[in-house]
Amino acid sequence: MNVSVVIPTYNGAHKIINLLRALENQTYKDFETIVVIDGSTDKTYEILKSTKFKLNSIKLIIQTNKGRATVRNRGAEEASGDLLIFFDDDMLPVENCIEKHLDHHQLLYNSILTGCSLDDKSKVSSDIQAYKAYLSELWSAPLKLYKGKPLGKENIFITAANFSIARNLFFELNGFDPNLNDAEDYDLAVRAFQNNIPLFYNHEVLAWHVDPITCRSYIKRQREYKEMHKKLIELKPELYSKFPLRTPKKIMVLKMLIYKLFSY
């Protein structure tokens, strides 16, 4: 099974090299790497072009800025592998991450695997970063209970930061919806579930999320995500009347407190 690693990036020159170095250290090395630069203005292409990597194959693609869904679809279109593994540009996959993605699909090819995406608590430098690291663990706790079993309707989940899917299956689902610039991974998960494609989560398929946040940027991001869920319901009311949005109640209470304190 040939493997393609797809990485979208927008003004990520300061972080994507760390990801590519982590890919150099993977236990499984026979994969191509495709980086799609989505209209960046920080010289990402020039920096990557002038940097040497010990990777089997790396392909750099530049396009005008088209957003989160379209940039990932472009990477899939350019890929030659049977298996697509998606990472965000601020992720650090542990050494056996790609190997574990591949192992899963060799057993369960017509499925989708989401890996674990956590913030390293040992490297946080602010209260809001510690809070987000705590939320990441809280969010993933119910998913861990599904080890080896497909996710149920109440826990439909994909994170585009760390997941894998057969290339032919990705295109059977028409990829990410280009009308969405957020929550595109949740939408893909719902459409896969609706089409009886099993969704799996493996907590051991780990990639660390390392992009530092501020309280302001975190609240802005959460508001954007909430607005996009509203858009999902507006665009596809029949579909999203059947599927609940997955937000643990404990997280909702914490968010309300944070918003009241910092969003004035």
Side-chain angles (χ1 to χ4, degrees), residues 3-10 12-36 48 53-56 58 68 71-72 75-76 79 81 83-106 108 111-124 129-130 132-144 146-148 151 155 157-166 170 176 184-186 188-189 199-213 218 221 225:
V3 178
S4 297
V5 174
V6 177
I7 306 165
T9 185
Y10 172 72
H14 63 292
K15 52 190 175 182
I16 192 171
I17 287 180
N18 295 325
L19 166 57
L20 295 173
R21 294 301 185 204
L23 292 180
E24 289 179 328
N25 294 323
Q26 291 295 300
T27 53
Y28 182 85
K29 299 183 181 297
D30 189 18
F31 59 89
E32 69 172 356
T33 304
I34 297 175
V35 178
V36 185
L48 295 182
F53 298 101
K54 297 177 182 178
L55 293 168
N56 182 50
I58 183 168
R68 294 164 56 91
V71 67
R72 292 187 174 92
L83 178 65
L84 305 177
I85 303 177
F86 290 84
F87 292 119
D88 279 354
D89 61 1
D90 55 359
M91 303 300 292
L92 289 181
V94 299
E95 291 183 353
N96 64 355
C97 189
I98 289 178
E99 182 179 358
K100 284 186 174 292
H101 274 291
L102 180 59
D103 287 346
H104 171 89
H105 290 278
Q106 286 176 333
L108 298 163
S111 67
I112 298 173
L113 176 65
T114 296
C116 180
S117 174
L118 292 178
D119 298 86
D120 190 345
K121 292 191 294 185
S122 68
K123 297 181 180 179
V124 301
Q129 290 174 16
K132 184 174 179 291
Y134 163 72
L135 286 187
S136 296
E137 292 184 347
L138 187 64
W139 183 270
S140 64
L143 301 175
K144 293 164 67 175
Y146 284 91
K147 186 175 182 180
L151 298 178
N155 281 303
F157 180 64
I158 289 175
T159 174
N162 177 15
F163 89 104
S164 53
I165 182 173
F170 182 80
F176 293 105
E184 73 288 347
D185 42 11
Y186 176 72
L188 181 65
L199 304 169
F200 289 87
Y201 172 83
N202 190 331
H203 201 70
E204 296 177 357
V205 184
L206 173 63
W208 294 106
H209 185 253
V210 296
D211 194 26
I213 61 163
Y218 176 75
R221 183 72 186 88
Y225 196 70

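Computation of the quantities below employed the complete heavy-atom set of this structure, encompassing side-chain atoms and omitting hydrogens, waters and symmetry-equivalent molecules. Quick caveat, the model's predicted, so the values are computed rather than measured.
Of all heavy-atom pairs spanning Ile34 and Ala79, the tightest one is CD1-CA, 3.2 Å. The minimum heavy-atom distance linking Ala76 with Leu84 is given by the pair CB-CD1, 3.7 Å. Closest approach of Asp89 and Tyr10 over heavy atoms only: OD2-N, 3.9 Å. For the residue pair Gly75 and Val6, the shortest heavy atom distance occurs at CA-CG1, 3.7 Å. Residues Leu55 and Thr33 come closest through the heavy atom pair CD1-OG1, 4.0 Å. Closest approach of Leu199 and Ala189 over heavy atoms only: CD1-O, 3.6 Å.
Checked against the 6.0 Å centroid criterion, the rings of Phe86 and Phe170 qualify as a close aromatic pair.
Here the CG-CG distance, from Leu92 to Leu20, works out to 10.5 Å after rounding to the nearest 0.5 Å. Distance check, rounded to the nearest 0.5 Å: CG of Leu118 to CE of Met91 gives 8.5 Å. Interatomic distance, CG of Asp88 versus CZ of Phe163, reported as 10.0 Å (0.5 Å rounding). Within the model, atoms CD of Glu204 and CG of Asp103 stand 11.5 Å from one another, a figure rounded to the nearest 0.5 Å. A distance of 4.0 Å separates CG in Leu19 from CD1 in Ile7, rounded to the nearest 0.5 Å. Remark: Tyr201 OH to Leu151 CG distance equals 9.5 Å, nearest 0.5 Å.
Trp139 has its side chain out of reach of Thr159: every pair of non-hydrogen atoms, C-beta onward, lies at least 4.5 Å apart. Residues Phe31 and Leu83 fail the side-chain proximity criterion, which asks for heavy atoms closer than 4.5 Å. Counting heavy atoms from C-beta outward, Glu32 and Asn56 have side chains that stay 4.5 Å or more apart. Inter-residue side-chain proximity for Val205 and His101 is flagged as met; some heavy-atom pair is nearer than 4.5 Å. Within the 4.5 Å cutoff, no side-chain heavy atoms of Cys116 are placed close to those of Lys144. Val3 is not listed as a side-chain neighbour of Glu99, based on a closest heavy-atom distance of 4.5 Å or more.
Taking a 6.0 Å sphere around CD of Glu95, one finds it holds 12 or fewer heavy atoms contributed by other residues, nucleotides or ligands.
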Stepwise side-chain contact (heavy atoms from CB on, under 4.5 Å) check, Phe87 with Leu23: CA-CA 10 Å; Phe87 292 119; Leu23 292 180; 4.1 Å; yes
Val210 vs Asn18, side-chain contact (heavy atoms from CB on, under 4.5 Å): CA-CA, chis, key distance, verdict: CA-CA 10 Å; Val210 296; Asn18 295 325; 5.7 Å; no
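Between the side chains of Asn162 and Ser117, no donor-acceptor pair of N or O atoms lies under 3.5 Å. His105 and Ser164 share a donor-acceptor pair across their side chains, judged by distance under 3.5 Å alone.
Judged by distance alone, the side chain of Gln26 and the main-chain N or O of Ile98 form a donor-acceptor pair under 3.5 Å. Checked by atom type and distance alone, the side chain of Lys121 never pairs as donor or acceptor with a backbone atom of Ala130 at under 3.5 Å.
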